[in-house]
Protein chains: 2
Amino acid sequence: MNNDSSARIVRDLREWIATAAPGARLPSTRALVARYGASPVTVQKALRVLAAQGMVESRPGVGTFVRAVRVARPHDYGWQTAALGSPRDRAPGRPTALRTVPNDVIALHSGYPDRELLPERLVRAAFTRASRGDAAVARPPSAGLPELQAWFAAELAAATPVGVTPPAPGDVVVFPGSQSGLSTAFRALVGAGRPLLLESPTYWGAILAAARAGVRVVPVPSGARGPDPEELARAFERTGARAFYAQPTFANPTGARWPSDLADRVLDVVRAHGAFLVEDDWAHDFAITGEAVPVAARDDGGHVVYLRSLTKSVSPSVRVAGVLARGPARERLLADAQAEAMYVSGLLQAVALDVVTQPAWRTHLRGLRQQLAARRDLLLGALREHAPDLRPESVPEGGLNLWCRMPDTTDVARLVRDCERAGVVVSQGEEWFPAEPAGAYLRLNYSGPRPGAFPDGARAIGRALARQRGSLGGTEVEEWA
Amino acid sequence: MNNDSSARIVRDLREWIATAAPGARLPSTRALVARYGASPVTVQKALRVLAAQGMVESRPGVGTFVRAVRVARPHDYGWQTAALGSPRDRAPGRPTALRTVPNDVIALHSGYPDRELLPERLVRAAFTRASRGDAAVARPPSAGLPELQAWFAAELAAATPVGVTPPAPGDVVVFPGSQSGLSTAFRALVGAGRPLLLESPTYWGAILAAARAGVRVVPVPSGARGPDPEELARAFERTGARAFYAQPTFANPTGARWPSDLADRVLDVVRAHGAFLVEDDWAHDFAITGEAVPVAARDDGGHVVYLRSLTKSVSPSVRVAGVLARGPARERLLADAQAEAMYVSGLLQAVALDVVTQPAWRTHLRGLRQQLAARRDLLLGALREHAPDLRPESVPEGGLNLWCRMPDTTDVARLVRDCERAGVVVSQGEEWFPAEPAGAYLRLNYSGPRPGAFPDGARAIGRALARQRGSLGGTEVEEWA
């Protein structure tokens with residue numbers, strides 16, 4: 001919580017309670033104040049937290065007591081097996097990118113940028129300001145705070161070329177994060193049992209949302225240069241699909257950025273098949289070279305449904321994304337969003353808008369660009385030196401990841417385990433493939449904590465890889481020394 | 001936004017821009033400072049907001065200009081009709097309870113308590129504290145902030161009778177509001193095409209979520225005394241349903257509170273059919289007489305999935321609800337929640353926990369109880385006096401609504417229109433029925449703004465009703481005078 005010393009008292013008392021008898025009396029507030037050198041307010045706060053956690057109970061005027069724990073007996077929930085039936089989908093389990101790991105490991109698996117890459121000061125100031133405003137106690141419209149809708153529309157309008165009608169604020173629906181936007185888009189625009197084309201490899205969250213929505217996933221191969229428009233056209237023809245999900249700018253995991261002519265050709269294919277391009281612009285704020293230019297800016301025919309998330313670049317606590325769609329599609333999205341979550345916290349929307357309209361936000365993004373470039377190059381250099389068998393498919397011009405190919409004979413699961421034993425957490429490429437993986441891949445995120453440890457991480461991966469080639473057969477001992 | 005004077009300048013300049021030529025230059029900052037008597041910071045903020053809305057553009061060192069509006073041409077989105085197909089469900093449209101209405105009408109339709117009934121000071125202080133804490137920049141676990149999970153579990157444990165195993169913190173999954181919890185529960189525990197029993201009438205949000213989840217809705221009649229257990233048993237047998245959605249405490253809209261023996265009998269029926277009771281404890285903090293005692297407290301066999309929302313009682317901006325489930329059901333819920341929205345903003349969770357663990361929260365709830373009692377009685381009295389044909393089915397012991405029956409011959413749609421013309425917004429009962437309404441009903445919310453206007457509201461309803469009986473046929477003129 002916010003108060004470090006009360007958190008410390010809570011931790012300490014929990015340990016004490018764990019070995020105390022039920023009903024035992026805690027030391028008095030005065031005694032605790034003396035023991036911890038803390039204020040009475042801090043001690044009271046700690047006791048309230050323990051009470052809220054069900055660990056203690058207060059009897060006013062008497063004291064605070066360890067709560068009598070009722071005996072728990074084992075339960076048989078077997079009946080639920082029949083009630084629930086087997087799950088509709090065998091969606092992938094808990095993804096690596098969401099794992100929380102101890103501080104002392106080298107974390108190259110995460111999907112979220114490290115705290116030092118966030119505009120922390122701006123975020124805290126925006127929350128403080130918003131806590132005084134209307135947004136703290138008011139309910140915004142279901143489609144979103146009008147000012148934030150306008151901001152999302154204006155950002156895309158600024159990239160809209162002459163001759164294309166720019167989007168309007170009313171085209172935007174605000175979601176509690178882009179994962180919700182994806183789930184809604186797949187449910188509302190495709191629907192269970194109908195086909196959806198997905199880049200392969202692609203973002204695991206999209207694969208997960210597609211599985212849950214019950215859509216029929218059709219992978220379209222895509223690599224460091226994006227998808228092949230002819231392959232895409234064949235997939236549309238073969239399946240009758242009316243939607244294609246893609247990340248045209250700094251794709252996760254490949255880092256691909258579609259060249260301008262590819263964007264036009266994909267749009268032509270999409271239009272020719274009367275279909276939607278669901279453009280997930282997840283890395284808009286993570287450009288390293290040049291600017292992120294959405295494909296959506298080229299379309300005013302309602303063919304592109306554009307997702308723009310602020311969560312990763314602003315703060316994980318600001319779960320806000322804008323989804324831009326025109327025509328009936330926008331109505332479908334809004335109806336699903338409303339049935340799913342009613343509306344998004346107006347305070348989070350106000351905070352997001354506050355942050356991205358500060359002049360300091362531009363300054364932050366300039367600094368972020370340099371930091372990402374330095375981190376990317378550090379990891380690339382370390383891999384080149386210490387893990388030459390791990391070959392990045394490209395030097396990404398933005399985003400947070402390196403997508404690295406390994407010799408086809410690599411046992412990737414074993415490699416990941418070996419790395420983990422050596423204190424390095426990596427994600428196996430498999431999680432980014434809607435079907436079987438097309439090769440042996442690792443995804444390495446360079447935006448995690450402690451970039452200084454990248455060389456050590458690369459060394460551990462290199463050693464684990466080398467061991468699989470057998471060339472270090474005799475050196476196993478060294479590792480355990 | 002937060003700063004009232006900058007909002008005023010924005011409004012004023014928008015009006016000016018609306019009639020200005022594209023490219024016209026705005027007055028200088030200095031001139032605006034003088035005109036509005038505001039600080040340069042405030043004026044700059046207003047200009048940033050206008051720029052973010054795409055209304056103006058700044059050329060540094062030159063000035064601020066009205067943005068040249070590109071000509072929008074009409075678009076044909078007809079192709080989307082084929083791409084989207086017809087919607088899977090014909091879910092009810094925009095519900096009355098979500099409508100935003102002007103300040104000068106008498107609003108008896110809302111689903112949300114008026115601002116004066118919220119713990120505004122506590123909420124603002126909690127946001128300010130949280131803006132300084134870890135939660136502002138950290139990502140919480142998918143299942144929720146552990147301390148908040150513990151609080152939800154402890155609250156229910158406090159009501160758990162001896163001999164029943166209390167819930168554990170790990171049984172709780174935190175959702176971004178109870179609507180999301182409902183959507184997930186219906187998808188994950190029932191699934192498309194399978195039957196779900198719903199009280200009838202019941203909460204429109206549940207009817208909407210059920211329609212979107214594609215479950216087959218089976219209404220079970222329920223009134224001011226709750227459902228008939230034998231009718232419920234027959235519905236389970238006939239349909240093979242494995243889940244029953246209900247609001248056992250201060251049901252929306254009927255206000256029903258299940259007596260203790262009914263709760264036991266319903267639980268027996270649910271257990272006998274190897275089924276779930278999805279208990280929506282939406283009005284836990286809105287008790288007027290006695291305390292809200294969840295049915296979930298009586299069950300440790302995993303049969304009750306318990307939804308506890310904090311949004312309505314804490315603040316519409318704090319979209320946080322806890323869902324408590326045991327056994328495999330909890331895993332299903334968590335997997336769906338993760339695929340849908342990944343996790344809930346840790347800051348909103350920290351704020352919710354902060355508010356409900358303050359001693360002042362208890363004080364607030366005591367005051368709220370008195371205010372709700374006074375408002376309920378004021379509206380009841382006004383109806384008795386001015387709209388005798390409108391008969392409340394019961395005097396609710398909690399919740400926010402009166403559920404009022406009218407003569408069966410009433411044209412409810414016309415009545416609602418007539419009331420609206422007289423400046424009174426009411427909800428027709430139909431929205432609370434999963435199938436055809438069982439009679440002519442209005443739902444009147446007594447927690448909206450301006451309770452002082454309740455008598456005027458009752459008078460308008462009474463007059464509109466009387467007109468339908470023809471007794472006031474000659475007085476139409478009076479209304480238009």
Side-chain angles (χ1 to χ4, degrees), chain A residues 1-2 48 52-54 70 72-73 77 79-80 82-84 88 112 115 118 120 123-124 127-129 131-133 135-137 139 150-151 154 157 165-166 176-177 179-180 183 191-192 208-209 212 242 274-275 301-302 315-317 319 327-329 332 339-342 345-348 357, chain B residues 2 48 52-54 70 72-73 75 77 79-80 82-84 88 91 112 115 118 120 123-124 127-129 131-133 135-137 139 150-151 154 157 165-166 176-177 179-180 183 191-192 208-209 212 242 274-275 302 315-317 319 327-329 332 339-342 345-348 357:
Chain A
M1 302 298 303
N2 309 324
R48 277 204 309 279
Q53 295 176 353
R70 280 167 284 200
R73 52 177 201 271
Y77 301 121
W79 67 269
Q80 289 190 356
L84 293 170
R88 188 174 53 176
Y112 292 82
R115 192 158 154 173
L118 299 177
E120 186 167 334
V123 169
R124 292 189 190 283
F127 271 118
T128 305
R129 272 191 292 273
S131 72
R132 295 194 289 260
V137 286
R139 180 171 54 85
W151 180 84
T165 310
Q179 184 68 17
S180 303
S183 299
L208 181 60
R212 285 278 150 183
R242 306 300 285 254
S315 162
S317 72
R319 299 244 351 104
R332 286 281 171 96
E340 181 63 37
M342 222 71 103
S345 164
L347 188 125
L348 294 187
T357 54
Chain B
N2 310 323
R48 275 204 310 277
Q53 294 175 354
R70 280 166 283 199
R73 53 176 201 272
H75 272 281
Y77 302 120
W79 66 269
Q80 289 189 357
L84 293 170
R88 188 174 53 177
Y112 292 82
R115 190 157 154 174
L118 300 177
E120 186 167 334
V123 169
R124 292 188 189 283
F127 270 119
T128 305
R129 272 192 291 273
S131 72
R132 294 193 290 260
V137 286
R139 181 170 55 85
W151 181 84
T165 310
Q179 185 69 17
S180 302
S183 298
L208 182 60
R212 285 279 149 183
R242 307 300 286 255
S315 163
S317 71
R319 299 244 355 100
R332 285 281 171 98
E340 181 63 37
M342 222 71 104
S345 164
L347 187 125
L348 293 187
T357 53

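These numbers were taken from a predicted model, which means no experiment stands behind them. Chain letters run A, B, ... following the sequence lines, proteins first, then strands; residues in each count from 1.
The closest side-chain heavy-atom distance from R124(B) to V137(A) is below 4.5 Å.
Contact of A275(A) with chain B is made through the backbone alone, with heavy-atom distances under 4.5 Å. Interface residue R139(B): backbone and side-chain heavy atoms are both found under 4.5 Å from chain A. Within the 4.5 angstrom heavy-atom criterion, atoms from both the backbone and the side chain of A83(B) approach chain A. Only the side chain of L118(B) comes within contact range of chain A, with heavy atoms under 4.5 Å apart. Interface residue V123(B): only side-chain heavy atoms are found under 4.5 Å from chain A.
Separation of atoms OG (S345(B)) and CZ (R319(A)) is listed at 8.5 Å; rounding is to 0.5 Å.
Side-chain atoms of S315(B) come within 3.5 Å of backbone atoms of A136(A) as a donor-acceptor pair (strictly under, hydrogens ignored). Of the possible donor and acceptor atoms, one in the side chain of Q80(B) sits under 3.5 Å from a partner among the backbone N and O of G302(A).
When all heavy atoms of M342(B) and Y112(A) are compared, the pair lying nearest together is CG-OH, 3.8 Å. Across all their heavy atoms, S180(B) and A341(A) have their closest contact at OG-CB, 3.5 Å. Minimum heavy-atom separation, S317(B) to A135(A): CB-O, 3.2 Å.
For Y77(A), the ring-ring contact (aromatic ring centres under 6.0 Å, His included) test picks out H75(A), with sequence neighbours left out. For R48(B), the salt bridge (Lys or Arg N to Asp or Glu O under 4.0 Å) test picks out no residue, with sequence neighbours left out.
Heavy-atom pairs under 4.5 Å with chain B peak, among P176(A), S183(A), P316(A), at P316(A). Contacts with chain B were tallied for L348(A), T128(A), T357(A), L84(A); L84(A) has the most, counting heavy-atom pairs under 4.5 Å. In terms of heavy-atom pairs under 4.5 Å with chain B, the best-connected choice from A150(A), G346(A), A339(A) is A339(A). If you tally non-hydrogen atom pairs under 4.5 Å between each of A209(A), A52(A), G177(A) and chain B, the highest count goes to A52(A). For chain B, the option among E340(A), Q179(A), R242(A) with the highest count of heavy-atom pairs below 4.5 Å is E340(A).
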